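Chain letters run A, B, ... following the sequence lines, proteins first and then strands; every chain starts at 1. Reckoned from all heavy atoms, side chains included, excluding hydrogens, waters and symmetry mates. Just so we're clear, the structure is a prediction, and the values are computed from it rather than from any experiment.
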Amino acid sequence: MTATESLEKQFDETIARNDRIEPRDWMPEKYRKTLIRQVAQHAHSEIIGMQPEGNWITRAPSLRRKAILLAKVQDEAGHGLYLYSACETLGVSRRELTELLIEGQQKYSSIFNYPTLSYADVGTIGWLVDGAAICNQVPLCRTSYGPYGRSMIRICKEESFHQRQGFELLATMMRGTDEQRAMVQESVDRFWWPALMMFGPPDADSPNTEQSMAWGIKRDTNDELRQKFVDMTVPQAEALGVTLPDPSLVWNEERGHHDFGQPDWDEFMRVVKGGGPCNAQRIAHRRHAHEDGAWVREAATAFAAKGASA
Amino acid sequence: MSEVPEMVQDDWPLYEIFVRGKRGLNHVHVGSLHAADDEMALRHARDVYTRRNEGVSIWAVRSDAIAASSPDEKDPLFAPANDKVYRHPTFYSIPDDVPHM
C-alpha cells in the first residue's frame with residue numbers, strides 16, 4: 001500500500017465510524033474542495049443575507065421591531081464569521097473568499113436575490129426563509145467536517161429566534177387591518193416558491209449530492225429536506241391564516257406527507273446564473289462595503305504596528 | 001497550517017478564542033477570528049462569540065503561538081496509554097456486596 005492509499009484508508013475509516021474529520025487530518029483533495037465550495041457559499045449567504053433585511057432597519061415601524069431587526073442582522077454577520085473561520089481551516093483565507101464573492105466566482109443562496117418590498121417581508125423571511133435554512137442546517141450539525149458542524153450548532157441555536165420573531169411579526173399583522181393581512185399574503189405569495197428553491201435542484205439534477213452524502217458532508221438529499229419543510233410549514237400557515245400559493249398542495253394519507261408542486265426550476269437557474277432581480281445590486285453593495293472599509297483596515301493595521309513597536 | 005497564498009501575507013493575524021461560560025468552568029475553544037491586535041481580538045470576540053451571555057471571560061490567543069500535536073504522530077504519541085488498562089477503575093473486580101467502592 002502506498003502512503004496515499006494508507007492515508008485514504010484512514011480517512012475512509014474515520015468517515016465509516018461516523019467520526020469527524022478535523023483540520024489537520026489528511027483529506028482527499030475533492031473532499032476539501034467540495035467543503036470549501038459549500039462552506040464558502042454558506043458564509044456568503046449569511047453576509048449577503050444581511051442586505052434584504054438591512055434595507056428596512058431605518059424604517060422599522062416601532063423601536064421594538066427595530067431592536068429585533070438590528071439584533072437579527074447582527075446575528076447574520078456573526079454567522080458569516082463563524083463559517084468563514086470554519087472555511088479558513090481548509091486552507092483558504094478570509095480575504096480570498098471575500099474576493100471570490102465580489103468577483104462573482106463563488107455563489108450565495110439565490111433567495112437573497114429577491115427584493116424586500118414591504119415590512120411584511122421581514123416577517124416572511126424570518127418565518128419561511130430562516131425556517132427553510134433551519135431545515136437545511138439542523139442535519140449539518142452532524143456533518144463529517146468538525147469545524148463546519150460546530151459552526152452549524154452555534155448557528156442553529158441562534159436561528160430559532162429568527163424564525164420565531166418572523167412568525168410573531170406576521171401573526172401580529174394578521175390580527176391587524178385587512179390591508180395588513182393583504183400585505184402578509186402578498187409577501188408569502190412572493191417568497192413561497194423561492195423558499196422551496198433554497199433546498200437546491202431536485203435530486204435527479206443534483207450531481208454532487210451522492211458523493212457529498214457518501215462523505216457525510218450532507219446528511220439528507222435536497223428533496224427529502226424540501227418535503228420536511230413543506231410538512232412543517234403547512235400547519236404553521238394554517239395557524240397564521242395565510243394561503244400557500246400552490247393549488248396542488250394536498251395531504252397524502254398514503255405517503256404520510258404533503259404532495260406539492262415544483263418551483264419553476266428555469267427561474268432558479270436564471271437567478272443562480274446572475275439573472276435575478278437583485279444579483280447585481282447585492283454584489284455591488286458588498287463590493288462598496290469592502291472598498292469603503294479599506295481605510296479602516298489599513299488604519300487598524302498601522303495602529304497595531306505602532307503599538308507593537310512602542 | 002496549510003499553505004497561505006502570497007496575497008494574504010498582510011492580513012490581520014488569526015486568533016483562537018476561548019470563552020469561560022460561567023464561574024467554575026474552564027475556558028473552552030469556541031472558534032477563531034482575525035484582528036489587528038490583542039485588544040481588537042477581544043472586542044471582536046465579544047461581539048462574535050458572546051452576544052447572548054455565553055461568557056464571563058475571554059482569552060484571545062494568536063494561532064501561531066499554539067503548539068499542537070500533529071495527527072500524523074497520533075499513534076506513537078497516544079499509544080502509551082492504550083495498553084495500560086490498569087489505570088481505569090473498571091480493571092479491578094470487587095465483590096458486588098462491598099459498599100462504597
Inset, instruction - Give the minimum heavy-atom separation between A/Ala300 and B/Ala36, together with the two atoms involved. - result: O-CB, 3.5 Å
Legend entry - salt_bridge(B/Asp11, A/Arg297) N-O dist < 4.0 Å: no
Inset, instruction - State whether the number of non-hydrogen atoms from other residues, nucleotides or ligands found under 6.0 Å of B/Lys84 atom NZ is greater than 12. - result: yes
Inset, instruction - Would you check if A/Phe303 and B/Met40 make a side-chain contact, meaning some heavy-atom pair closer than 4.5 Å? - result: no
Inset, instruction - Heavy-atom distances under 4.5 Å only: say whether B/Ala35 touches chain A with side chain, backbone, both or neither. - result: neither
Inset, instruction - Taking the side chain as every heavy atom from C-beta outward, state whether A/Arg94 and B/Leu14 have any atom pair closer than 4.5 Å. - result: no
Inset, instruction - Using a cut-off of 6.0 Å, state whether more than 12 heavy atoms not belonging to B/His29 lie near its atom NE2. - result: yes
Inset, instruction - Starting at OH of B/Tyr15, measure out to OG of A/Ser85 and round the result to the nearest 0.5 Å. - result: 15.5 Å
Inset, instruction - Counting only heavy atoms closer than 4.5 Å, note whether B/His34 contacts chain A via side chain, backbone, both or neither. - result: side chain
Legend entry - Criterion side-chain contact (heavy atoms from CB on, under 4.5 Å) on B/Val30 and A/Arg150, from CA distance to verdict: CA-CA 9 Å; B/Val30 291; A/Arg150 293 192 284 276; over 6 Å; no
Inset, instruction - Can you establish whether the number of heavy atoms outside B/Asn26 located under 6.0 Å from its atom CG is more than 12? - result: no
Legend entry - Top contributor to chain B contacts, counting heavy-atom pairs under 4.5 Å, from A/Glu22, A/Lys157, A/Gln74, A/His79: A/Gln74
Inset, instruction - Evaluate the side-chain proximity of B/Leu33 to A/Tyr84: yes if any heavy-atom separation is below 4.5 Å, no if none is. - result: no
Inset, instruction - Could you tell me whether A/Leu63 atom CG has more than 12 heavy atoms of other residues or ligands within 6.0 Å of it? - result: no
Legend entry - Enclosure of B/Asp64 CG (heavy-atom neighbours >12, cutoff 6.0 Å): yes
Inset, instruction - Take atom CZ of A/Arg59 as the centre, draw a 6.0 Å sphere, and report whether it contains more than 12 heavy atoms from other residues, nucleotides or ligands. - result: yes
Legend entry - Exam field: side chain A/Tyr82 to backbone B/Val48, donor-acceptor pair closer than 3.5 Å: yes
Legend entry - Trace of the salt bridge (charged side-chain N to carboxylate O under 4.0 Å, His left out) decision for A/Lys306 with B/Asp37: CA-CA 10 Å; A/Lys306 206 172 150 194; B/Asp37 57 23; over 6 Å; no
Inset, instruction - Inspect the surroundings of CZ in A/Arg164 and state if more than 12 heavy atoms from other residues, nucleotides or ligands are less than 6.0 Å away. - result: no
Legend entry - More than 12 heavy atoms of other groups within 6.0 Å of B/Arg43 CZ: no
